[in-house]
Visitor: 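Got a structure here, written out as structure tokens. Questions coming.
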Amino acid sequence: MRFMTSSDKPETASAEPTGVAARDWAKAAAEPQYRAAVVDLLGALAYGELAAFERLAEDAKLAPTLADKAELAKMASAEFHHFERLRNRLAEIGEDATQAMEPFVAALDGFHRQTAPSDWLEGLVKAYVGDSIASDFYREVAARLDTDTRELVLAVLDDTGHAGFAVEKVRAAIDADPRVGGRLALWARRLMGEALSQSQRVVADRDALSTMLVGGVADGFDLAEVGRMFSRITEAHTKRMAALGLAA
């Protein structure tokens, strides 16, 4: 569910990694709280990818043409491959993927229930704009991860091809009927608010993840950096809206 082009991604610090971010997994995992945070992170990502697979398969049913249906089916397959990589990594480090995902099921399912699209275009906007906010958050966290985990996380956040597909279809729909733009702009604003709230709730409920975010695990963020992080995420959202031809 990581539908971003390179220009959409928030700008993160490019300083040379230090602390845990400069270590491999074998050394970093010696810290129990860091290990717990990574298990939480991989569990949240794994369930997100599994849910993305399910939703893309459902969206394919709403596709107006066979070509669109085939494209979404291909993207769904890519998301399931991402899920498999995360599940396999959890097994490699001695963790059960189902148990790692379980704490995040209620929050993510609740978010998707509250933001169920009513039609094909809303589904495209949700995948491109809404889910990419989560990707922005995970990319920010990835900068503080050990080298092995960071490589995996960034790999599963790669765009599956949905970014260009969504922009093309949404802009074409707005060109055909400009009234569509107002409705989709309101929908995207709602997605932004729900996605940020959901991300904050997930972190607040998991002690290891919240510690990683605000400091004390890996290099950590200080509270001022948390504010800057969410500013970068909001800026990236504004760029995506512009790419779609919508007002932020």
Side-chain angles (χ1 to χ4, degrees), residues 1-6 8-10 12 25 37-61 63 68-109 111-112 115 117 123-167 191 195 198-199 202-203 206 209 212 233 236 240:
M1 60 180 178
R2 319 304 175 203
F3 313 127
M4 307 168 63
T5 63
S6 58
D8 292 325
K9 298 171 185 174
T12 52
W25 168 253
V38 168
V39 172
D40 272 352
L41 182 66
L42 296 183
L45 273 170
Y47 189 66
E49 297 292 347
L50 185 58
F53 160 74
E54 292 178 324
R55 291 197 332 277
L56 282 171
E58 285 296 313
D59 287 349
K61 297 177 183 178
D68 291 337
K69 190 183 295 288
E71 281 298 308
L72 286 182
K74 181 174 70 174
M75 295 170 200
S77 176
E79 299 296 357
F80 192 77
H81 177 63
H82 288 167
F83 162 74
E84 289 182 312
R85 290 191 64 178
L86 291 160
R87 180 185 62 187
N88 292 344
R89 177 57 178 164
L90 283 162
E92 287 173 6
I93 64 175
E95 300 290 339
D96 179 80
T98 300
Q99 292 181 5
M101 292 189 291
E102 188 62 38
F104 307 99
V105 171
L108 288 171
D109 284 357
F111 168 73
H112 292 306
T115 58
L124 289 178
V125 171
K126 178 179 177 179
Y128 176 54
V129 175
D131 290 352
S132 292
I133 294 168
S135 285
D136 293 346
F137 173 77
Y138 290 128
R139 286 179 184 279
E140 294 278 354
V141 174
R144 271 68 180 180
L145 298 173
D146 65 272
T147 55
D148 298 318
T149 304
R150 181 167 65 247
E151 180 180 359
L152 172 62
V153 168
L154 293 178
V156 300
L157 294 178
D158 277 348
D159 179 28
T160 60
H162 203 288
F165 181 81
V167 169
L191 291 168
Q198 186 266 341
S199 297
V202 167
V203 171
R206 306 299 295 177
L209 274 181
M212 175 183 282
I233 291 173
R240 286 191 200 95

Visitor: Do Val153 and Leu86 have side-chain heavy atoms sitting under 4.5 Å apart?
Guide: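 Side-chain contact under 4.5 Å: no.
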
Visitor: How close do Leu108 and Gly48 get, counting heavy atoms only, and between which atoms?
Guide: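 Taking every non-hydrogen atom into account, CD1-N, 4.1 Å.
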
Visitor: How many angstroms lie between atom CD of Glu58 and atom CZ of Phe53, to the nearest 0.5 angstrom?
Guide: 10.0 Å

Visitor: Looking at every non-hydrogen atom in both residues, tell me the closest pair between Arg150 and Ala142 and how far apart they are.
Guide: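 Heavy atoms of Arg150 and Ala142 come nearest at CD-O, 3.0 Å.
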
Visitor: What's the spacing between Leu45 CG and Arg87 CZ if we round to 0.5 Å?
Guide: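 Here the interatomic distance stands at 15.0 Å.
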
Visitor: Using 0.5 Å steps for rounding, measure from the CD1 atom of Ile93 to the CG atom of Asp148.
Guide: 10.5 Å

Visitor: Not counting sequence neighbours, which residues clear ring-ring contact (aromatic ring centres under 6.0 Å, His included) with Phe83? List them please.
Guide: Phe80

Visitor: Considering non-hydrogen atoms only, spot the tightest contact between Leu191 and Lys126 and give its length.
Guide: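 Of all heavy-atom pairs spanning Leu191 and Lys126, the closest is CD1-CA, 3.5 Å.
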
Visitor: Shortest non-hydrogen contact from Leu154 to Arg139?
Guide: CD2-NH1, 3.9 Å

Visitor: Measure the spacing between CG of Asp158 and OG of Ser135 and express it to the nearest 0.5 Å.
Guide: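 It is 10.0 Å, given to the nearest 0.5 Å.
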
Visitor: I'd like to know whether CD of Glu151 has more than 12 heavy-atom contacts from other residues, nucleotides or ligands below 6.0 angstrom.
Guide: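 At most 12 heavy atoms, drawn from other residues, nucleotides or ligands, come within 6.0 Å of this atom.
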
Visitor: Partners of Glu71 by side-chain hydrogen bond (donor to acceptor under 3.5 Å, both in side chains), sequence neighbours excluded?
Guide: none

Visitor: Roughly how far, to the nearest 0.5 Å, is the CD atom of Glu84 from the CG atom of Leu50?
Guide: 10.5 Å

Visitor: Apply salt bridge (Lys or Arg N to Asp or Glu O under 4.0 Å) to Asp146 and list each qualifying residue two or more places apart in sequence or on a separate chain.
Guide: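 For Asp146, no residue satisfies salt bridge (Lys or Arg N to Asp or Glu O under 4.0 Å) once neighbours in sequence are set aside.
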
Visitor: List in chain and number order the residues that pass side chain to side chain contact (heavy atoms under 4.5 Å, CB included) with Ala107, two or more places apart in sequence or in another chain; answer none if no residue qualifies.
Guide: Gln198, Val202

Visitor: Restricting to non-hydrogen atoms, name the atom on Leu90 and the atom on Ala100 that form the minimum distance, rounded to 0.1 Å.
Guide: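 Minimum heavy-atom separation between Leu90 and Ala100: CD1-CB, 4.0 Å.
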
Visitor: Got a sec, which residues hit side chain to side chain contact (heavy atoms under 4.5 Å, CB included) with Pro103, two or more places apart in sequence or on another chain?
Guide: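 In terms of side chain to side chain contact (heavy atoms under 4.5 Å, CB included), with neighbours along the sequence ignored, Pro103 is linked to Arg206.
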
Visitor: What are the two closest non-hydrogen atoms of Leu56 and Glu79, and how far apart are they?
Guide: CD1-CG, 3.6 Å

Visitor: Could you check if a side-chain atom of Leu41 sits within less than 4.5 angstrom of a side-chain atom of Leu145, using non-hydrogen atoms only?
Guide: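 Yes, their side chains come closer than 4.5 Å.
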
Visitor: Nearest 0.5 Å, what's the NE2-CG distance between His82 and Leu152?
Guide: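 One gets 9.5 Å once the value is rounded to the nearest 0.5 Å.
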
Visitor: Could you pull out all residues at least two apart from Arg89 that satisfy salt bridge (Lys or Arg N to Asp or Glu O under 4.0 Å)?
Guide: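 Salt bridge (Lys or Arg N to Asp or Glu O under 4.0 Å) check on Arg89 returns Glu92.
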
Visitor: Does any part of the side chain of Trp25, heavy atoms only, come nearer than 4.5 Å to the side chain of Val38, both counted from C-beta?
Guide: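 Yes. Closest side-chain heavy atoms under 4.5 Å.
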
